[in-house]
K.L.:
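Got a structure for you, written out below as structure tokens; questions coming shortly.
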Amino acid sequence: MPVPQWVAQVNKRVFNKLEIKRGARPVLTHVGRTSGKVYHTPLDAHPVDGGYMFILMYGSDSDWVKNVMASGHAELRMSGKKIELTAPRLVPENDAWQRLPKTTKAPAGFLNVTEFLQMDARS
């Protein structure tokens with residue numbers, strides 16, 4: 001079980017806004033699958049061959065993951081650059097850790113985070 005959903009809701013409503021305002025983390029822009037509304041979600045984006053990997057701290061049932069999977073694309077703002085991302089796919093845990101940089105820190109074991117999302121950077 002990843003981080004409980006109530007924590008995700010607190011982050012979504014309070015801390016994400018502060019993180020975006022601070023401007024220190026990558027921000028994923030995606031469109032709501034039913035509302036069509038544009039959302040901005042601060043995330044850790046880990047570079048992998050041809051794109052980026054996201055460790056799904058709240059699991060694949062998170063709204064942002066569902067939105068990206070439904071639309072097939074998103075935009076990542078990182079270090080002042082905008083990167084178009086496509087082809088979202090869930091990646092098995094063992095494959096993800098093999099693709100991630102060796103310096104990537106694993107979430108605390110008690111969180112039992114086992115889901116990952118990879119997207120390709122559009123050239």
Side-chain angles (χ1 to χ4, degrees):
M1 168 86 192
V3 179
Q5 281 300 308
W6 68 266
V7 175
Q9 293 303 315
V10 170
N11 278 340
K12 186 191 298 188
R13 289 172 179 32
V14 179
F15 295 109
N16 282 1
K17 293 174 185 175
L18 295 172
E19 282 294 307
I20 291 169
K21 189 182 266 189
R22 222 173 51 122
R25 295 183 67 200
V27 175
L28 191 75
T29 301
H30 51 97
V31 177
R33 61 197 176 282
T34 56
S35 68
K37 182 178 174 184
V38 174
Y39 292 97
H40 307 283
T41 305
L43 299 165
D44 290 327
H46 303 280
V48 295
D49 188 31
Y52 290 87
M53 183 82 68
F54 302 92
I55 301 172
L56 303 182
M57 297 296 293
Y58 304 112
S60 58
D61 203 34
S62 299
D63 285 331
W64 77 264
V65 176
K66 290 178 180 179
N67 291 342
V68 168
M69 295 295 282
S71 71
H73 63 89
E75 181 182 87
L76 183 65
R77 244 183 326 146
M78 192 163 79
S79 303
K81 297 179 187 174
K82 290 183 180 182
I83 304 158
E84 289 292 325
L85 299 177
T86 61
R89 60 208 175 269
L90 295 174
V91 176
E93 183 177 18
N94 289 338
D95 291 347
W97 285 115
Q98 289 177 5
R99 296 175 194 173
L100 284 163
K102 300 298 179 212
T103 56
T104 304
K105 292 183 181 179
F110 70 88
L111 295 175
N112 197 27
V113 175
T114 59
E115 295 183 291
F116 299 79
L117 178 88
Q118 184 172 344
M119 296 185 77
D120 298 333
R122 183 178 291 170
S123 15

K.L.:
What's the separation between atom CE in Met119 and atom CE in Met69, rounded to the nearest 0.5 Å?
P.N.:
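These two atoms lie 9.0 Å from each other.
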
K.L.:
Less than 4.5 Å apart, side chain to side chain, heavy atoms only: is that true for Leu56 and Val113?
P.N.:
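Contact flag for Leu56/Val113 side chains = no.
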
K.L.:
Look at the rings of Phe54 and Trp64 and say which category their plane angle falls in: under 30° parallel, 30 to 60° tilted, over 60° perpendicular.
P.N.:
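Ring orientation of Phe54 relative to Trp64: perpendicular.
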
K.L.:
Quick one: which residue pairs count as a ring pair (Phe, Tyr, Trp, His ring centres under 6.0 Å) with a foot in residues 69-92, not counting sequence neighbours?
P.N.:
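Passing the test, one end in residues 69-92: no pairs.
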
K.L.:
Is there a donor-acceptor pair closer than 3.5 Å between any side-chain N or O of Asn67 and the backbone N or O of Arg33?
P.N.:
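Answer holds: yes.
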
K.L.:
Nearest 0.5 Å, what's the OG1-CG distance between Thr41 and Asp63?
P.N.:
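Here the rounded value is 9.0 Å.
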
K.L.:
Would you say Pro88 and Val68 make side-chain contact, with heavy atoms under 4.5 Å?
P.N.:
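Of all side-chain heavy-atom pairs linking Val68 with Pro88, at least one is under 4.5 Å.
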
K.L.:
Which distance, rounded to the nearest 0.5 Å, do you find between the NE2 of His30 and the NE2 of His40?
P.N.:
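So the gap between those two atoms works out to 8.5 Å.
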
K.L.:
Might you point out which heavy atoms bring Val65 and Gly59 nearest each other, and give the distance in Å?
P.N.:
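Heavy atoms of Val65 and Gly59 come nearest at CG2-O, 4.0 Å.
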
K.L.:
Find out if a path of hydrophobic residues (ILVMFWY) with successive side-chain heavy-atom gaps under 4.5 Å connects Met78 to Leu85.
P.N.:
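In one cluster with Met78: Leu85, yes.
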
K.L.:
Calculate, to the nearest 0.5 Å, the distance between atoms CG and CG belonging to Leu117 and Leu90 respectively.
P.N.:
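One gets 6.0 Å once the value is rounded to the nearest 0.5 Å.
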
K.L.:
Can you tell me how far CD of Glu84 sits from CD of Glu75, rounded to the nearest 0.5 angstrom?
P.N.:
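One gets 5.0 Å once the value is rounded to the nearest 0.5 Å.
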
K.L.:
I need the Met57 CE to Glu115 CD distance, nearest 0.5 Å.
P.N.:
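Output value for this atom pair is 12.0 Å.
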
K.L.:
Please collect all side chain to side chain donor-acceptor pair (under 3.5 Å) contacts where either partner lies in residues 92-109, sequence neighbours excluded, each pair once.
P.N.:
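Found Arg99-Gln118.
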
